[in-house]
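The structure appears right after this line, and notes come after that.
Reckoned from all heavy atoms, side chains included, excluding hydrogens, waters and symmetry mates.
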Amino acid sequence: MRDGRHVPGTLAVFVEETARRYGELPALRFKVPGGDWTEVGYDGLRENVRSVGRGLVALGVRPDDRVAILAETRPEWTYAHFAILAAAAVVVPVYPTAGEDELAWVLGDSAATVVICEDATQAARVEALRAKLPGLRHVVRIAGDGGEGTIVGRAPGPGPAAGVESGPASGAGCGPVAGSVSGVESGPASGAAPGAESGLASGAGPEPGAESGPAPLPGPAPGAGSESGAQSGPAAVSGPAAVSGPAAVSGPAAVSGSVPVFGSVPVSGSVPVSGSVPVSGSVPAPGPAPAPGPGSAPVREADGDGDGVRRRESSAERGGTPPLLGALPQAPLADLLARSAHRTGDDLCAIVYTSGTTGLPKGCRLTHGNFAAVQDATADLIEGGSGDTTYLYLPLAHLLAQLIQLTCLGQGGTLCYFGGRIENVVAELAEVRPTHLPSVPRLFEKVHATVASLAESRGPGGRDRFDAAVRTGVEVAELRARGEEPTGALRAAWQAADESLFSLVRAAFGGRLRWALTGGAPIAPQTMDFLRACGIGVFEGYGMTESAGVISLNHPGAVRYGTVGRPVRGCEVRIAGDGEVLARGPGVFPGYHADPAATAQALDPDGWLRTGDLGSLDADGFLRITGRKKDLIITSGGKNLTPSLVEAALQQSRWISRAVMIGDARPYPVALITLDAEEIAAWARSEGLDPGRGYAGHPLVRARCQEAVDAANAQVARPARIRAFTILEEDFSVGGGELTPTLKLRRSAIANRYAAEIDALYER
């Protein structure tokens, strides 16, 4: 790295640099199909990326080709990501939750030539769109029909690993490692997509102690095109010790409908808060790759494709059984490394599509230099390195998760992937015991709401005692921020609160959490106070895809609660006359893909990015975001209202999943409310309520929502107060068209669908 910590000038050589610096330190931790945790070292990460990269080159991927990834967060996403960049191609992340129209648009607009899919189901979705995608040449699957991953490790041995090509003249490609064959469907060959510009970067931290020594995955065997011998497969990991004592938080603290981070990160499903789960057991090294089956003829060499690469025709192109991602034929390693070395900071790195709240998503062109600039500006603000662990459950299709990945690995930390089930997130936090946690605000707010609810359930005065404990914790946190320690009665009160409450909440997050990041939507101030009181630092940041993910950031050296921090180094921020936040710097993108009109709207002639957000800068340079410009509501009386402020206040309630303010050209604001299904159901069971046809019309449920409306109204000016509301029977969804794949509200779609309910609110 250029200064020992930061990313190199391009991400094409990122894993080569990290392997050189960190070697056998643990890079990735993840659950294998049997349910145990295992690790891959930095050397193993490099060899896996090389293997996939060589496979992509052999498949015919050319420099500046677009290669899409359609998969959930998993290690193979990371391997594919860096392999695409190493092959001098361009990454196109696609949300697995994207609808068919959006999927077709993203793949077609980007001119993707290859799509790497999670499994057979996602591959079938892409295959069904082939008629709309004339540039698509290959569909590659990560997992077989049983869902098993294909890149976990290779068999140890003194010679070449079975099925791994050792040089340019080798015949068979590398066989699948931990599962079945079959995975690449190939269509008619077509020309490469045109070149473009763009980029990528950022992340956070490994864990010492209980694990066995890191065991990197073996790479190509010695010989032509290989630089290293075979290594042993991933070693079993003894998990961190379980957190003893009562679970910090229990109960159904669900995250549904979720709140986005840094321009909206989709997280759906429920996240129950529970105690720790010990991890133990061993994962045997996978055996040798199976020999090609009857349906897969040997791969034969084909003519060169004009870029110096000896391309091989795959069995998929001849109608045989296609291989999985881990079973692609292998081009010479020297070819892959040569491509990586020739990328520059000005080269296109990624086309990341925005969520498209009012139309089709726009593809943001990001260069390698954009990401290097953001990483250089932020890496020193986030303490991390060997011994730190970052737990990642956010979708890698979103830029924030990619930035977290880069920061973590760039600093020599361990990136720990969630097990794939949102409902297990909090239990896994107790297993993994992370030091770093990027998350949506809703997770933190749900923990807060659940603990407060438990306090209320402990009889008269329970909530008052809870609130008093939080005030004590905040007072101590502010003292310590000034370098002082509590004394006397304050110290005694804090120790009692820490023993009975704060320490248990910290244990629910694994007991080692030093740094947590949230953004994209305002986090409830009460939740920030609660977490500060418990000794958990949560820092808000701000950015958007067009700024390569980061504009400003609170961090341990400079934090002001209620703001999104100061602009990061190299980024300028100013406020336009109408209140819009403008940003300029090396992280700002060069423009939208194939959309010069949209680019001209987003970037002024001097390079200032019009963010579309409203905000203000205080005297010390801290940025406060107050709303979204295009969401501004102007009542018939001429009052300008920012709906996000009220909506965020309403969504602080544990009972409410989503709230939408309505009021444009109307006399006053009203709200549409959806229920947090799990919270309401659990409460209803405890009250012995009969759901009947649902809870939305139940008077006690309405009373709970009225309490939330009253609390929200108390936080805003009189013109912005909600005068009436209705509770909808169902929550908003991506499939229903009310949410984008990143779970942003499609306001116009909601207003149209519920026009009758809205009109009824104004007739009362």
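Residues I673 and R658 form no side-chain contact, since every pair of their non-hydrogen atoms from C-beta on lies 4.5 Å or further apart. Between S657 and D731 the shortest side-chain heavy-atom distance falls below 4.5 Å. Counting only heavy atoms from C-beta outward, the side chains of R365 and H593 approach each other to under 4.5 Å.
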Show me, pair by pair, the donor-acceptor contacts under 3.5 angstrom made by side chains of residues 702-710, not counting sequence neighbours?
from: R702; atom 1: NH1; to: F725; atom 2: O; distance (Å): 3.4
from: R702; atom 1: NH2; to: F725; atom 2: O; distance (Å): 3.3
from: Q706; atom 1: NE2; to: D710; atom 2: OD1; distance (Å): 2.9

Under 3.5 Å donor-acceptor pairs involving side-chain atoms of residues 572-580, not counting sequence neighbours:
from: E572; atom 1: OE1; to: R584; atom 2: NH2; distance (Å): 3.3
from: E572; atom 1: OE2; to: R584; atom 2: NE; distance (Å): 3.0
from: E572; atom 1: OE2; to: R584; atom 2: NH2; distance (Å): 3.2
from: D578; atom 1: OD1; to: E580; atom 2: N; distance (Å): 3.1
from: D578; atom 1: OD2; to: K629; atom 2: NZ; distance (Å): 2.6
from: E580; atom 1: OE1; to: K629; atom 2: NZ; distance (Å): 3.1
from: E580; atom 1: OE2; to: T611; atom 2: N; distance (Å): 3.4
from: E580; atom 1: OE2; to: G612; atom 2: N; distance (Å): 2.8

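Every residue meeting the ring pair (Phe, Tyr, Trp, His ring centres under 6.0 Å) condition with W655, not counting sequence neighbours, appears here in chain and number order: W683. By the salt bridge (charged side-chain N to carboxylate O under 4.0 Å, His left out) test, R610 is found to be paired with no residue, residues two or more places apart in sequence or in another chain being considered. The ring pair (Phe, Tyr, Trp, His ring centres under 6.0 Å) search around Y668 returns Y762, not counting sequence neighbours. Residues meeting the salt bridge (charged side-chain N to carboxylate O under 4.0 Å, His left out) test with D467, sequence neighbours left out: R463. Looking at residues two or more places apart in sequence or on another chain, you find no side chain to side chain donor-acceptor pair (under 3.5 Å) involving Q715. Remark: T599 engages no residue in a side chain to side chain donor-acceptor pair (under 3.5 Å) (not counting sequence neighbours). Considering only residues two or more places apart in sequence or on other chains, T635 meets the side chain to side chain donor-acceptor pair (under 3.5 Å) condition with none of them. For Y592, the ring pair (Phe, Tyr, Trp, His ring centres under 6.0 Å) partners are F589, not counting sequence neighbours.
Judged as a ring pair (Phe, Tyr, Trp, His ring centres under 6.0 Å), not a single pair has a partner in residues 623-647 (not counting sequence neighbours). Sequence neighbours left out, the pairs with a member in residues 660-671 that pass salt bridge (charged side-chain N to carboxylate O under 4.0 Å, His left out) are R666-D759.
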Take R628 and S644, measure what side-chain hydrogen bond (donor to acceptor under 3.5 Å, both in side chains) needs, and give me the verdict at the end. CA-CA 8 Å; R628 188 76 181 150; S644 60; over 6 Å; no
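Q402 contributes a side-chain N or O that, together with a main-chain N or O of L396, makes up a donor-acceptor pair within less than 3.5 Å.
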